[in-house]
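Contents: one structure, followed by commentary.
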Amino acid sequence: MNALLTSTGPEDRVCMAYGQEVKLLLSAGDPASWVDDLWTIYTGFMLAQKELGYDPRIADTFCSFRELLFFFERVKEIS
């Protein structure tokens, strides 16, 4: 039997828990919909920046958005 499937160490339990959360998240919609929704959310956020004012974390926000987008693109390829 595959050692990865039979291992029950703390790190494996954390990975399994993450996997369950990802599965739950993906059950709310297909990856292509998530990508479209992320673009909608980010576009609205960027359009509101004039009203919201200066945000020193804007680059971090973009990096977080980019990583989420890349994640769903990779998931879309797997599906």
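Just the heavy atoms: all of them, side chains too, but no hydrogens, waters or symmetry mates, feed the values below. Sequential numbering from 1 along the given sequence is applied to the chain's residues.
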Check your understanding: Does Phe45 offer a backbone N or O that forms a donor-acceptor pair with the side chain of Gln49 under 3.5 Å?
Key -> yes
Revision key, fill the gap. Grouping ILVMFWY residues whenever side-chain heavy atoms fall under 4.5 Å, the cluster of Leu24 otherwise contains none
Point to revise | Hydrophobic cluster membership, Leu25 vs Phe70, 4.5 Å side-chain cutoff | key: no
Exercise for review: Would you please classify the geometry between the Trp39 ring and the Phe65 ring as parallel, tilted or perpendicular, with 30° and 60° separating the classes?
Suggested key: perpendicular
Review point. Is there a donor-acceptor contact under 3.5 Å linking the side chains of Ser33 and Asp30?
Key: yes
Point to revise | ILVMFWY clustering at 4.5 Å (side-chain atoms), partners of Val14 | key: Tyr18
Practice item. Would you kindly confirm whether Leu38 and Val22 end up in one hydrophobic cluster when ILVMFWY residues are joined by side chain heavy atoms under 4.5 Å apart? Key: yes
**Study point:** Gap separating the CZ atom of Phe62 from the CD atom of Glu67, nearest 0.5 angstrom
**Key:** 9.5 Å
Revision key, fill the gap. Rounded to the nearest 0.5 Å, the CZ atom of Arg57 sits from the OG atom of Ser64 at a distance of 6.5 Å
Exercise for review: Calculate, to the nearest 0.5 Å, the distance between atoms CZ and CG belonging to Arg74 and Leu69 respectively.
Suggested key: 10.0 Å
Check your understanding: At their closest point, which heavy atom of Ala28 faces which heavy atom of Trp34, and how far apart are they?
Key -> CB-CZ2, 4.0 Å
Review point. Are any of the side-chain nitrogens in Glu73 or Lys76 under 4.0 Å away from the carboxylate oxygens of its partner?
Key: yes
Point to revise | Glu11 atom CD: more than 12 heavy-atom contacts under 6.0 Å | key: no
**Study point:** From CG (Leu52) to CE (Met46), nearest 0.5 Å
**Key:** 10.5 Å
Point to revise | Phe71-Ile41 co-clustered via ILVMFWY side chain contacts under 4.5 Å | key: no
